[in-house]
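Every number for a ligand or one of its atoms is a count from 1 in the order of the listing.
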Amino acid sequence: MRRTSCVLIVLAAVGCTAVAGETIEVRSPGGTLTVTFSIRDGHPTYAVHRQGTAVVQPSRMGFRLQEGPALDRDLKIVSSDTRDVDRTWEQVWGEQRMIRDHHRELTVRLAEASGPAKQLEVTFRVFDDGVGFRYHIPAQSGLDRIAITDEVTAFELAGDHRSWWIPGQDANRYEYRYTDGPVSEIKQVHTPVTFETGEGLYISIHEAALTDFAAMTLQRTAGTTLKAELVPWSDGILVRGQVPMTSPWRTIQVADTPGGLVTSYLILNLNEPNRLKDTDWIKPGKYVGIWWEMHLDKSTWGSGPRHGATTANTRRYIDFAARHGFDGVLVEGWNIGWDGNWPANGDKFNFTEPYPDFDLPGLAEYARERGVRLIGHHETAAGIQNYERQMEDAFALYQRLGVRAVKTGYVAHGQNIAWTDENGQTHKEWHHGQFMVRHYRKVVETAARYQIMLDVHEPIKDTGLRRTYPNMMTREGASGQEYNAWGGRNRNLPDHTTILPFTRMLSGPMDFTPGIFDVLFEEYRPDERVSTTVAKQLALYVIIYSPLHMAADLPENYEARPEPFQFIKDVPTDWTETRVLNARIGDYVTIARKDRNSDDWFVGSITDEQARTLEIRLDFLDPGRRYKATIYRDGPGADWDSNPHPVAIERQDVTADSTLTLPLAAGGGTAIRLERVKG
Ligand code: NOJ
Ligand code: CA
């Protein structure tokens, strides 16, 4: 690591590229991206270029506080530093084992131009695949506890790009289908938000290391300018804290292919290294569960004659999991609190007391004896104080029983997460404000102390915290499979999963719960359906990265189709390497991943409602080696709408010189296992 100090006019040879007056320019290590920081009329601004093309035009930065100085005006540069970093680190688990963190960092110290009073620091990390910047409000006289009332950060996009987004701060959290339209039609959006420019660049704006701040949404303020709109507390304050205070990183990833965004690890690079000393207990894997049957209304979460979480039913799932080599069995509806209108009764859930027809210790043991573990479930209905009061006991109980993973849930709509302060006053918060960001992080830290991995539904968006807390495995945070069970006109359309890899998935793993074989489930909900072929359901195990992947369908549907089920049994959830072989956002995508525990590769390829034929070269395979390919593709006449079920399975010998032709049905897909032949 080289540190170069460049106080204003001093020009260091390589480190900080250019300092002229109130302008500093920094280039990424390979020279692809340039960030220009400048003071314009006292306002800090930044701009980003990629090989001479404007990505972000000069855009304002800084904060406004409820009391105290405005941290966005009347500023001058006091000093700046750059340093070069090039290090490679290993993920405990992930879509890519080794990650290179290669960037040039610039820290600029700012102070009040007309006096010495206020101070603000901005740090940029400039990579070849993007830029992160964050603010630091140093300890300074006159500032102690602070309340942020505005983040001024803007992203003045250089054109009216095509964009893919979900609405920010709307009732249904992140669970929306994506809108594909020009920037100029955006109102307020969540991040990650993705753009395709006329020059063929792909841009994603998001944030990294959101740990004690409000989530950033983006609001269009004029033309193609988006501005940070932090999700407020119920009293309108955006962020509360104490100086010194550091913001999350604001991130802009830029690539010349859609796949370049997928294999950019900038968000992880901007998070703190792993804080957990012992990680042996953290194990990616696959699970089944008493889950889809409630979404189909075959059984109920609540007690009564159709209760899903009974001892007998759970044994059936454990036996099934053991027979087919699954690691876990999720059981929802096992604990007291589900009766009545549970989404409105977040204060009634009991996280240690099972329903009388569910033998928790007996089942935990029954599972362990068969090499399977129960996966715990904490649906809070966003009754945060009720949950936090019981959280330690609840995790301790699971740890005693050998439960290693817990799925949590925060069903509540809009700004409705109620809590009561010490004066007995009730406040209502969003899922995305600082109140909940703190809660979600507290759960991750508490779970880690009890050696519990987490799968969070209705989460805060992922900003890479899994690097620091690798027990933070996966989360929902998008419209997942459940919408196909009851979503009606909000169900996922065939293009949904061709958009997710370039939007939601850029933030981190998702518990999408793929693998529905009975895509029409006419016996249970004849008016609903999954809008894919079965082969596409298989491909989703590779397309959508999750260290915990569910085989979501009912056991009887898998046992009725053992041949395609074999792919779900074989596909790993922990990878050495990920490659995107082809992609057009919203149309199709093909991803290849190498198993972390063998020499095998797996490929998933999916299309939207258009049938198409894709050719892929297998040049990622080890040269000179033979592989046995098992190809699960759409069978004769397959079509998501009219004939979703046929799957054809073919076997073929291939090498790194082979090319495969993948005919994808409308709404279809292909899943491939490539086993390296020994010797
Ligand atoms: C919503 C979650 O996304 C779903 O997976 C879960 O079954 C229900 N909440 C009940 O907790
Ligand atoms: Ca959900």
Side-chain angles (χ1 to χ4, degrees), residues 166 170-177 190 287-303 306-309 313-314 317 328-346 348-351 355 375-384 386-387 394 405-414 416-417 431-432 436 440 443 454-462 473-488 490-492 496 500 504 509-516 524-525 528 530 544 546 548-554:
I166 52 171
D170 218 330
N172 226 10
R173 307 165 300 265
Y174 306 108
E175 297 172 11
Y176 290 91
R177 291 207 306 246
H190 277 302
Y287 70 100
V288 295
I290 302 182
W291 178 79
W292 188 239
E293 59 175 74
M294 278 87 109
H295 287 268
L296 293 181
D297 200 31
K298 179 188 176 193
S299 67
T300 58
W301 281 278
S303 62
R306 293 198 303 126
H307 188 208
N313 198 27
T314 308
Y317 274 81
V329 174
L330 166 72
V331 188
E332 298 198 355
W334 66 275
N335 59 323
I336 301 289
W338 290 90
D339 295 309
N341 180 18
W342 62 263
N345 295 333
K348 303 228 166 30
F349 278 111
N350 184 311
F351 297 98
Y355 278 120
I375 295 184
H377 188 232
H378 291 163
E379 171 58 64
T380 67
I384 301 307
N386 178 48
Y387 184 40
V406 173
K407 171 177 170 180
T408 58
Y410 295 87
V411 170
H413 285 91
N416 259 314
I417 302 185
H431 279 76
H432 322 113
M436 283 302 283
Y440 288 116
V443 178
L454 285 177
D455 167 7
V456 182
H457 278 236
E458 298 80 38
I460 186 67
K461 64 185 175 184
D462 200 342
M473 307 298 283
T474 189
R475 65 186 86 202
E476 191 186 36
S479 177
Q481 187 85 274
E482 63 183 24
Y483 276 79
N484 301 325
W486 40 252
N490 291 327
R491 85 174 65 110
N492 303 322
H496 185 61
L500 284 181
R504 158 68 181 79
M510 178 180 179
D511 186 34
F512 182 85
T513 66
I516 300 302
Y524 302 110
R525 287 193 187 271
E528 303 280 354
V530 176
I544 294 180
S546 184
L548 301 177
H549 249 323
M550 186 178 203
D553 209 345
L554 309 175

Any donor-acceptor pair under 3.5 Å from R491 side chain to A485 backbone = no
Could you tell me how the ring of F512 sits relative to the ring of H496: parallel (under 30°), tilted (30 to 60°) or perpendicular (over 60°)?
-> tilted
Which of the atoms in ligand 1, numbered in the order shown and given with their element, are less than 4.0 Å from a heavy-atom of W338?
-> 10 (C), 11 (O)
In ligand 1, which numbered atoms sit nearer than 4.0 Å to a non-hydrogen atom of H377?
-> 11 (O)
For V411, atoms of ligand 1 separated by under 4.0 Å from a heavy atom = 1 (C), 9 (N)
No-hydrogen, no-angle side-chain donor-acceptor test under 3.5 Å, S546 and D511 | no
Mind checking whether W342 has a heavy atom under 4.0 Å from ligand 1?
-> yes
When distances are taken from atom 7 (O) of ligand 1, the protein heavy atom at minimum range is E332 OE1, 2.5 Å
Only heavy atoms count here, so choose which of E458, E482, E175, M550 is nearest to atom 4 (C) of ligand 1.
-> E482
Ring geometry between F351 and F349 (parallel below 30°, tilted from 30 to 60°, perpendicular above 60°) = tilted
Among protein heavy atoms, which lies nearest atom 5 (O) of ligand 1, and at what distance?
-> K407 NZ, 2.7 Å
Report the distance from atom NE2 of H457 to atom NZ of K407, rounding to the nearest 0.5 Å.
-> 4.0 Å
What are the atoms of ligand 1, with element, lying closer than 4.0 Å to any heavy atom of E476?
-> 3 (O)
Between E175 and E458, the two heavy atoms sitting closest are OE2-OE2, 3.7 Å
Got a salt bridge between R525 and D297, using NZ or NE/NH1/NH2 to carboxylate O under 4.0 Å?
-> no
With the Ca ion (ligand 2) as the reference point, give the N/O/S atom of E458 that is nearest.
-> OE2
N341 backbone acceptor or donor facing N345 side chain under 3.5 Å = yes
Could you tell me if any non-hydrogen atom of Y410 lies under 4.0 Å from any atom of ligand 1?
-> no
Please name the atom of E482, restricted to N, O or S, that is closest to the Ca ion (ligand 2).
-> OE2
Counting heavy atoms only, which of H295, R475, E379, H457 comes nearest to atom 9 (N) of ligand 1?
-> E379
Angle class for the Y410/Y387 ring planes (parallel below 30°, perpendicular above 60°, tilted otherwise)?
-> perpendicular
For E175, the N, O or S atom at the shortest distance from the Ca ion (ligand 2) is OE2
